[in-house]
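Structure first, commentary second.
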Amino acid sequence: MNNILAQSEWWFLERLDYVGALLAVEVVEGHVSPVSDDVSIEGAGTIPDARPIQITDQSRRVRVEFSNVLAYQVTDESYAEPASGKTEEVAGRILCQHTGSEYLEYVQQNSLIKHLVDDPVHHYRLNLADDIIDIINTAKPSVDLI
């Protein structure tokens, strides 16, 4: 998924709307601060020369739309489990398409999707700085600068 999202390492969830099987996700770009600072973490010590990631006036905003959505979930990045890698293939870094994912298998086993949906079903994931959004749908997403 070579697109504008691949041009930056840090994207933050700004807005998420789901209406009528259309999931619209708006994200904003984060920039690494040019100014560093020592960060103290209680009980863990100090991290010297840390550079915060900030949203600035130069941050780009992007809207990603997923149509024909069958299921989605949002997980705080702190609690997300990395892909198991068993039979899974992943294309992309920020906006990814997963093939053979356990999440897709789980959704299909715990719903009527296998019995009611004739089109191929896909698993996409948005790997954002603070959130992971998994989407099960039947169409490629659109990505537009806003």
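In this structure, the side chains of Arg63 and Glu26 come closer than 4.5 Å at one or more pairs of heavy atoms. Within the 4.5 Å cutoff, side-chain heavy atoms of Leu145 are placed close to those of Arg60.
Aromatic ring orientation, Tyr103 versus Tyr106: parallel (interplanar angle below 30°, classes split at 30° and 60°).
Put simply, the side chain of Asn127 gets close to the backbone of Arg93: a donor and an acceptor are under 3.5 Å apart. Of the possible polar contacts, one joining the Trp11 side chain to the Leu5 backbone as a donor-acceptor pair under 3.5 Å is found.
Note on residues 43-66: no pairs pass ring-ring contact (aromatic ring centres under 6.0 Å, His included), not counting sequence neighbours.
Atom-to-atom distance recorded for Arg51:CZ and Ser36:OG is 4.5 Å, nearest 0.5 angstrom. To the nearest 0.5 Å, atoms CD (Glu65) and CG (Asn137) are separated by 12.0 Å. With rounding to the nearest 0.5 angstrom, the OG atom of Ser111 is 8.5 Å from the CG atom of Leu116. Distance check: Glu105 CD to Glu102 CD gives 7.0 Å after rounding to the nearest 0.5 Å. Rounded to the nearest 0.5 angstrom, Ser101 OG and Asp134 CG are separated by 7.5 Å. To the nearest 0.5 Å, atom CG of residue Leu13 and atom CD1 of residue Ile132 are 11.0 Å apart.
The two residues Ser142 and Asp144 come nearest to each other via the heavy atoms OG-OD2, 3.9 Å. Taking both residues in full, the closest heavy atoms of Ala129 and Phe12 are given as CB-CE2, 3.3 Å, listed atom of the first, atom of the second, then distance. Contact record, Gly30 with Ser8: O-OG, 4.0 Å, taken as the closest heavy-atom pair. What you find for Asp38 and Asp49 is that their closest heavy atoms are OD1-N, 2.9 Å. Taking each heavy atom of Glu29 and Gln58 in turn, the nearest pair found is OE1-O, 4.1 Å.
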Side-chain donor/acceptor pairs under 3.5 Å, residues 14-24, sequence neighbours excluded:
from: Glu14; atom 1: OE1; to: Arg61; atom 2: NE; distance (Å): 3.0
from: Glu14; atom 1: OE2; to: Arg61; atom 2: NE; distance (Å): 3.2
from: Glu14; atom 1: OE2; to: Arg61; atom 2: NH2; distance (Å): 3.0
from: Arg15; atom 1: NE; to: Asp17; atom 2: OD2; distance (Å): 2.6
from: Arg15; atom 1: NH2; to: Asp17; atom 2: OD2; distance (Å): 3.2

Donor-acceptor pairs under 3.5 angstrom involving side-chain atoms of residues 68-77: please list them, not counting sequence neighbours.
from: Asn68; atom 1: ND2; to: Thr138; atom 2: OG1; distance (Å): 3.4
from: Asp76; atom 1: OD1; to: Ser78; atom 2: N; distance (Å): 2.7
from: Asp76; atom 1: OD1; to: Ser78; atom 2: OG; distance (Å): 3.1

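Neither Leu126 nor Val121 shares a network with the other; the hydrophobic side chains, linked directly or stepwise wherever heavy atoms of I, L, V, M, F, W or Y lie under 4.5 Å apart, form separate groups for each. Ile94 and Trp10 fall into different hydrophobic clusters, defined by Ile, Leu, Val, Met, Phe, Trp and Tyr side-chain heavy atoms under 4.5 Å apart, directly or through other members. Residues Tyr124 and Val27 share a hydrophobic cluster, clusters being chains of Ile/Leu/Val/Met/Phe/Trp/Tyr side chains in contact below 4.5 Å. Leu128 is connected to Ile135 through a chain of hydrophobic side-chain contacts under 4.5 Å among Ile, Leu, Val, Met, Phe, Trp and Tyr, so both are in one cluster. Hydrophobic clustering (side-chain heavy atoms under 4.5 Å, transitive across Ile, Leu, Val, Met, Phe, Trp, Tyr) groups Val25 together with Val143.
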